[in-house]
Amino acid sequence: MAQEIRNQKLQKISELREMKVNPYPYRFEKTHSSGQIREKFDHLNPSEALENEKISTAGRVMTIRLHGRSCFFTLKDFDGRIQAYIKQDSVGEKAYEFFKKYVDTGDIVGIRGFPFKSKTGELTIFVEEFQLLCKAVRPLPEKWHGLKDKELAYRQRYVDMIANDSTIERFRTRYKAMSFIRRFLTERGFVEVETPILNFIPGGGSARPFVTRLEALDCDVYLRIAPELHLKRYIVGGFEKVFEMGKNFRNEGISYKHSPEFTSIEIYQAYADYNDMMELTEQMISSLVHYLFGTYKITYQGTEIDFTPPWRRIRMHEFIKEKLGVDILEDSDEKLYAFLKERGIEPELRTRGKMIEKLWDLVEDQIVQPTFLMDHPVDISPLAKRHRQDPRLTERFEPIICGMELGNAFSELNDPQEQLERFVAQAKLLEAGDKEAHRMDLDFVRALEYGMPPTGGLGIGIDRLVMLLTDSPSIRDVIAFPLVSQRFDEALDEEERSAES
RNA sequence: GGGCCGUUAGCUCAGCAGGUAGAGCACCUGACUCUUAAUCAGGGGGUCGCAGGUUCGAAUCCUGCACGGCCCA
């Protein structure tokens with residue numbers, strides 16, 4: 001069995017227990033993180049020491065460089081890495097021998113001592129005391145190359161985080177972005193609310209839902225595909241500025257920009273229209289970029305993206321006409337179909353909406369810099385208010401960056417009669433076999449009948465936004481524990497069985 | 001769904017004129033009190049993704065399956 005290293009470490013653990021040393025103690029007083037140490041003491045000159053500045057820190061041992069009676073090692077914590085120096089003279093022979101024998105890379109230790117800079121200028125903690133805080137049983141991945149195997153990184157993200165500093169940094173950026181957005185909205189009077197994830201009618205988007213079983217009521221329920229219709233019910237009820245950040249579920253394909261389980265934020269503002277929401281989007285996203293990077297320009301997969309507001313605005317039908325020469329407003333269904341057919345594209349259904357979506361797919365890639373794609377046709381926008389100047393269009397926009405739809409927004413349709421008609425039109429599509437058609441939701445129509453003020457609504461895909469912010473090529477890179485096919489792992493299974501016995 | 005590529009030690013990778021496995025890191029033993037991929041000497045560790053087939057002989061060739069990656073729909 002390829003368990004040699006693990007057995008050696010288990011052996012050390014039983015030796016520790018025999019010595020009455022707990023390999024898994026209860027707490028440690030950590031006064032400084034590695035980042036705080038760097039911030040506070042980075043000004044030291046090479047070889048300078050602050051012997052009276054007693055501090056303590058803790059983290060995972062990443063590397064050990066042993067030189068007989070002294071040793072350098074590196075600790076990693078949430079903030080990064082910090083070097084430590086231990087020698088026999090300072091901790092005594094017994095403690096030093098213990099360190100040499102029982103502390104391995106991968107273990108978690110706490111140290112107390114003072115800061116100094118080595119001859120070569122690296123900030124280091126001079127160890128006067130240390131405590132083993134957790135003995136690791138499994139070895140760390142290769143210290144130089146880290147963990148390269150993407151499958152392992154997805155399946156055992158904790159190892160990826162330990163081994164690859166950029167991974168922990170990426171998820172820190174995700175956290176920073178999410179908390180910035182919450183702060184940004186809260187400061188502007190928005191209220192964070194919650195809506196159900198278990199839905200009887202999955203609404204607010206065009207997508208196949210997940211079905212699950214509600215035993216208590218003996219019926220099927222759906223996981224939400226979007227929180228939209230419930231958030232608008234908040235507006236009907238009297239909330240004026242709300243948002244919700246959370247998971248949505250869509251039972252569809254997995255790709256570099258699609259995950260069945262993804263995070264979005266939806267924002268609704270009473271008495272606002274889609275122009276207001278465009279301004280909000282621009283401000284929120286570009287100030288987020290500036291907050292994170294100190295500039296409006298970032299690089300995504302080798303392309304410079306400039307978030308400086310205002311963003312370019314283009315109308316969907318004009319853009320498609322310019323790029324493809326077809327007019328999704330004027331041209332007949334037959335003409336659109338013929339155009340697609342010529343290019344070997346067959347829409348799942350020969351509805352106008354599906355054909356428009358296919359045409360858009362052909363040109364989506366051509367938008368790289370932050371752009372508002374505006375005024376989508378009514379056919380593909382069942383929840384958006386009709387355009388005030390052109391009834392064939394809606395007041396809708398999608399922010400597009402690097403060919404990715406980053407979100408979706410409209411002047412919300414609040415006319416209950418028209419909403420009902422749109423639902424009826426969608427119901428026909430559903431009947432015709434369009435699994436993504438919007439479901440009829442009569443309670444939502446009833447809510448609108450009580451009256452919803454004019455409202456602007458906006459949804460942003462958090463994962464895709466974080467992809468851009470972290471220069472990640474795949475949505476899986478920004479989801480800490482992405483969905484990966486289950487695999488029967490014989491080796492793991494065997495280990496677990498032997499562990500149980 | 002289709003195409004291409006990958007799966008060898010805990011990790012990163014070699015090995016493919018078919019002749020029963022190799023390096024570095026990690027681990028163990030020893031030397032070394034300012035190193036940073038520390039260094040030096042020695043050692044242990046593998047059902048070569050799974051299942052078939054061809055062959056005297058398969059990590060290597062063929063087929064199927066699983067899982068993953070990239071590209072296309």
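Only this structure's heavy atoms are used, side chains among them; waters, hydrogens and symmetry mates stay out. First the proteins, then the strands, lettered A, B, ... as listed; each starts at 1.
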### Message
Rounded to whole Å, please give me the gap between CD1 in A:I162 and P in B:C25.
### Response
21 Å
## Note on the structure
Here the distance between atom P of B:G69 and atom CZ of A:R155, to the nearest Å, is 9 Å
### Any A:K143 side-chain N or O less than 4.0 Å from OP1/OP2 of B:A26
yes
#### Entry: Nucleotide B:G10, atom P - distance to CG of A:D149 in whole Å
13 Å
### Message
Mind checking if A:D89 touches a base, just sugar-phosphate, or nothing, with heavy atoms under 4.0 Å?
### Response
base
### Query
Looking at B:G45, B:G10, B:C34, which one has an atom nearest to any side-chain atom of A:E4?
B:G45
## Note on the structure
Pairs under 3.5 Å (Watson-Crick or G-U), crossing ones as [ ], inter-strand ones as |: RNA chain B comes out as (((((((..((((.....[..)))).(((((.......))))).....(((((..]....)))))))))))).
### Message
Using the side-chain heavy atoms of A:T105, tell me which of these nucleotides is nearest: B:A26, B:C67, B:C34.
### Response
B:A26
### No-H, no-angle donor-acceptor pair, A:E122 side chain to B:U35 base, under 3.5 Å
no
### Query
Would A:E330 and A:K321 pass as an ion pair if we require N to O under 4.0 Å?
no
### Message
Rounding to an integer number of angstrom, what distance separates B:C40 and B:G24 when you compare their P atoms?
### Response
10 Å
### Query
What integer number of Å spans the C1' atoms of B:U47 and B:U7?
16 Å
### Message
Base of B:U35, side chain of A:R65 - is there a donor-acceptor contact under 3.5 Å?
### Response
yes
### Message
Under a plain distance cut-off of 3.5 Å, with no hydrogens placed, do A:S255 and A:H258 share a side-chain donor-acceptor pair?
### Response
yes
### Message
Base, sugar-phosphate or nothing for A:Q88? Non-hydrogen atoms, less than 4.0 Å.
### Response
nothing
#### Entry: Nearest-angstrom distance, C1' atom, B:A38 to B:G46
29 Å
### Query
Under 6.0 Å from the six-membered ring centre of A:F262 and within 45° of its axis: does the NZ or CZ of A:R250 meet both?
no
### Task
Give one of base, sugar-phosphate or nothing for A:R476, where a contact means two heavy atoms less than 4.0 Å apart.
sugar-phosphate
### Gap in Å between the two C1' atoms, one belonging to B:C28 and one to B:A21, rounded
22 Å
### Query
Of A:F72 and A:D104, whose nearest nucleotide on RNA chain B comes first from the 5' end?
A:D104
### Query
Can you tell which of B:U12, B:A38, B:U33 lies closest to the side chain of A:Y85?
B:U33
#### Entry: Separation of the C1' atoms in B:G19 and B:U60, to the nearest angstrom
11 Å
### Query
On a whole-Å scale, what distance lies between the C1' atoms belonging to B:A23 and B:C48?
16 Å
### Query
Within a strict 4.5 Å, meaning less than it, do heavy atoms of the A:F126 and A:K87 side chains meet?
yes
## Note on the structure
Assert: residue with more 5' nearest nucleotide on RNA chain B, out of A:K101 and A:R69, is A:K101
### Query
Which listed nucleotide (B:A37, B:U12, B:A38) is nearest to the side chain of A:H67?
B:A38
### Task
Give A:Y256 one of three labels, base, sugar-phosphate or nothing, depending on what nucleic acid heavy atoms sit under 4.0 Å from its own.
nothing
### Query
At under 4.0 Å between heavy atoms, what does A:K12 touch on the DNA or RNA strands: base, sugar-phosphate, or nothing?
sugar-phosphate
### Message
Using a 4.0 Å heavy-atom cut-off, does A:I345 contact any base of the nucleic acid, only the sugar-phosphate backbone, or nothing at all?
### Response
nothing
### Query
At under 4.0 Å between heavy atoms, what does A:K87 touch on the DNA or RNA strands: base, sugar-phosphate, or nothing?
base
### Message
If I take atom OG1 from residue A:T351 and atom CG from residue A:D434, how far apart are they, to the nearest 0.5 angstrom?
### Response
6.0 Å
#### Entry: Closest nucleotide among B:U12, B:A26, B:U33 to the A:I5 side chain
B:A26
### Query
Can you list the steps and then say if A:D104 with A:K135 is a salt bridge (charged side-chain N to carboxylate O under 4.0 Å, His left out)?
CA-CA 8 Å; A:D104 296 317; A:K135 184 74 198 152; 2.8 Å; yes
### Task
Calculate the interatomic distance between A:M62 atom CE and B:C11 atom P; express it in whole Å.
15 Å
### Summary
Heavy-atom closest pair (A:E228 atom, A:E266 atom, distance to 0.1 Å) is CA-OE1, 3.1 Å
### Message
At less than 4.0 Å, is any side-chain N or O atom of A:S485 found next to OP1 or OP2 of B:A66? Yes or no.
### Response
no
### Task
Report which part of the nucleic acid A:G106 touches: base, sugar-phosphate, or nothing (heavy-atom distance under 4.0 Å, all strands).
nothing
### N-O pairing of A:K341 and A:E346 below 4.0 Å
yes
### Message
By the 4.0 Å heavy-atom rule, please label A:S118 as base, sugar-phosphate, or nothing.
### Response
base
### Query
Given the C1' atoms of B:G22 and B:G45, what is the spacing between them in whole Å?
13 Å
#### Entry: Spacing between A:H145 atom NE2 and B:C13 atom P, to the nearest angstrom
7 Å
### Query
Quick one: are A:V127 and A:F73 in side-chain contact, heavy atoms under 4.5 Å?
yes
### Message
In whole Å, measure the gap between the C1' atoms of B:A58 and B:C50 for me.
### Response
16 Å
#### Entry: Atom-pair distance (CG on A:L152; P on B:U12), nearest Å
7 Å
### Query
Whole Å only: how far is the NZ atom of A:K119 from the P atom of B:U33?
13 Å
### Task
Indicate yes or no: at least one non-hydrogen side-chain atom of A:Y96 is less than 4.5 angstrom from one of A:C71.
yes
### Query
Among B:C70, B:U12, B:C34, which nucleotide sits nearest the side chain of A:F116?
B:C34
### Query
Choosing from B:G69, B:C34, B:G10, which nucleotide comes nearest the side chain of A:Y154?
B:G69
### Query
For A:F73, which contact category applies under a 4.0 Å heavy-atom criterion: base, sugar-phosphate, or nothing?
nothing
### Message
Once you measure the plane-to-plane angle for A:H32 and A:F41, does it fall in the parallel (<30°), tilted (30-60°) or perpendicular (>60°) bin?
### Response
tilted
### Query
Atom CG of A:L66 to atom P of B:U35: distance rounded to whole Å?
14 Å
